[in-house]
Amino acid sequence: MFIISARYLFLCDEDFTILQNQALVFEDKILELGEFEKLRKKYPQAELIKTPQNSVILPAFINAHTHLEFSANSTTLHFGEFLTWLKSVINSRFVLNAKAKEELILKNIVKMQKSGIGTIGEISSFGSDLSPCVKASENGMRVVFFNEILGTNETQIEEKKQEFLKRLQDSLNFKNDFFIPAVSIHSPYSTHPKLASFALDLAKKQNLLVSTHFLESKVENSWLREAKGEFVSWLSNFMSDPKPFYTLKEFIKLFKGIRTLFTHCVYLKEYDLLDKNLHSITHCAFSNRLLSQKSLDLKKVLKKGLNVHLGTDGLSSNISLSLLDEMRANLLVHKDFDLLKLAPKLLQMATLYPARALNLNLGELKKGKIADFSVFKLGECEKSQAALQFILNAKEVDKLFIKGKKCKL
Ligand code: MCF
Ligand code: FE
């Protein structure tokens with residue numbers, strides 16, 4: 001049992017409560033929050049953990065959307081427009097994947113831990129991230145491992161199913177609290193309905209989380225809504241007489257009753273089609289700036305009562321996997337928000353809301369929650385400024401605790 005105190009504790013609850021000069025008692029779960037002296041008396045056996053002056057304690061961040069297999073990208077992929085990017089991915093994905101050796105993936109995971117991330121939602125396209133993700137999960141990174149399925153060609157359905165099934169089963173062998181196998185349906189334009197329903201049936205039967213890329217770009221939007229735009233000629237390289245596999249409504253309907261993270265949704269207007277209890281939106285602002293030609297209307301999404309959280313996407317469409325960098329980008333993107341209101345919201349979108357999306361008992365400093373939290377050093381600042389100043393200044397954790405255990409970083 002341990003006790004730790006800080007200048008500020010960001011609870012990351014729904015009201016974004018900040019406790020000042022208080023303490024936290026924890027084992028693998030949080031036992032109590034309150035005044036240091038009182039807790040010291042109540043738990044005399046609790047070992048004291050020292051923190052720097054002016055430190056902040058907050059829940060470990062959850063980066064709900066990464067693509068670690070694309071970690072070797074820096075200047076290879078083409079940014080500015082989605083189809084141009086997609087073509088460059090298709091040309092370079094195998095080369096990039098081969099370059100993203102286990103060592104590089106592990107290095108990026110440790111970098112994320114140092115930036116305060118305790119959980120990732122990793123989209124696995126090839127399965128070459130399995131081994132490093134399993135290893136990282138043994139060193140305190142919680143990984144939700146989304147096995148991706150995609151394919152448009154009718155003649156390759158069986159082959160694709162078997163290849164997906166093998167990757168899924170390989171990942172299921174490692175299932176535990178820290179490594180959570182899951183399913184990713186790549187997108188409505190890239191995944192044949194037979195493949196989508198095959199993978200989603202498995203997800204339903206085995207109660208697996210699901211993630212999907214949805215309405216990310218202008219070209220995808222015109223394609224799905226009107227069967228128009230540049231996707232038509234491009235998709236004719238893969239199929240004769242291409243037609244969208246689904247209407248928007250039909251695609252969303254596939255995920256009925258399934259806990260799903262809909263990534264991007266930049267061009268979604270029909271928010272009411274999503275299930276508020278099971279569906280959430282993963283918002284990747286930096287990636288959208290590079291590929292999507294539009295930003296998510298965050299105000300509208302929040303007003304609709306949808307659960308929305310942050311993700312960085314991969315280095316395939318970002319320059320950093322740190323949610324601190326991503327939050328700073330969000331401060332610049334969402335200019336229609338009052339800055340001092342946006343900062344706490346972004347911190348909730350990196351903690352409480354992704355925990356809800358992934359159905360994990362963490363993401364909040366609260367009695368009974370799993371003790372996944374970080375300690376950061378922060379300069380002297382007023383409470384009313386604390387959330388914003390934290391986002392602007394924080395870079396690396398002083399300490400990171402996952403399930404009550406200090407991570408070696
Ligand atoms: O989220 C971004 C942009 N949207 C779609 N896909 C990806 C992103 N980053 C990496 N990807 C991967 C995706 O998982 O790129 C491939 C898939 O394997 C594109 S489809 C051949
Ligand atoms: Fe992605």
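Order of listing sets the numbers, starting from 1, for every ligand and every atom in it. Residues: numbered from 1 along the sequence shown.
Below 3.5 Å of separation, one finds an N or O of Glu148 facing an N or O of ligand 1. Ligand 1 has a nitrogen or oxygen under 3.5 angstrom from a nitrogen or oxygen of Asp313. The shortest N/O to N/O separation between His213 and ligand 1 falls below 3.5 Å. Looking at His186 next to ligand 1, an N or O pair under 3.5 Å apart turns up.
Scanning the protein heavy atoms around atom 21 (C) of ligand 1, the nearest turns out to be Arg93 NH1, 3.4 Å. Nearest protein heavy-atom contact of atom 11 (N) of ligand 1 is His67 CE1, 3.3 Å. The nearest protein atom to atom 7 (C) of ligand 1, hydrogens excluded, is given as Trp85 CH2, 3.4 Å; this is a heavy-atom distance. From the protein, the heavy atom lying nearest to atom 16 (C) of ligand 1 is Val89 CG1, 4.0 Å. The nearest protein atom to atom 4 (N) of ligand 1, hydrogens excluded, is given as Glu216 OE1, 2.8 Å; this is a heavy-atom distance.
Ligand 1 is approached by Ser316 to a heavy-atom distance shorter than 4.0 Å.
Comment: Arg167 does not engage Glu148 in a salt bridge, judged by the lack of any side-chain N to carboxylate O separation of less than 4.0 angstrom.
When distances to the Fe ion (ligand 2) are checked against a cut-off of 2.8 Å, His264 contributes no N, O or S atom below that limit. In summary, His213 places an N/O/S atom under 2.8 Å from the Fe ion (ligand 2), meeting the contact criterion.
Within 6.0 Å of NZ on Lys395 lie more than 12 heavy atoms contributed by other residues, nucleotides or ligands.
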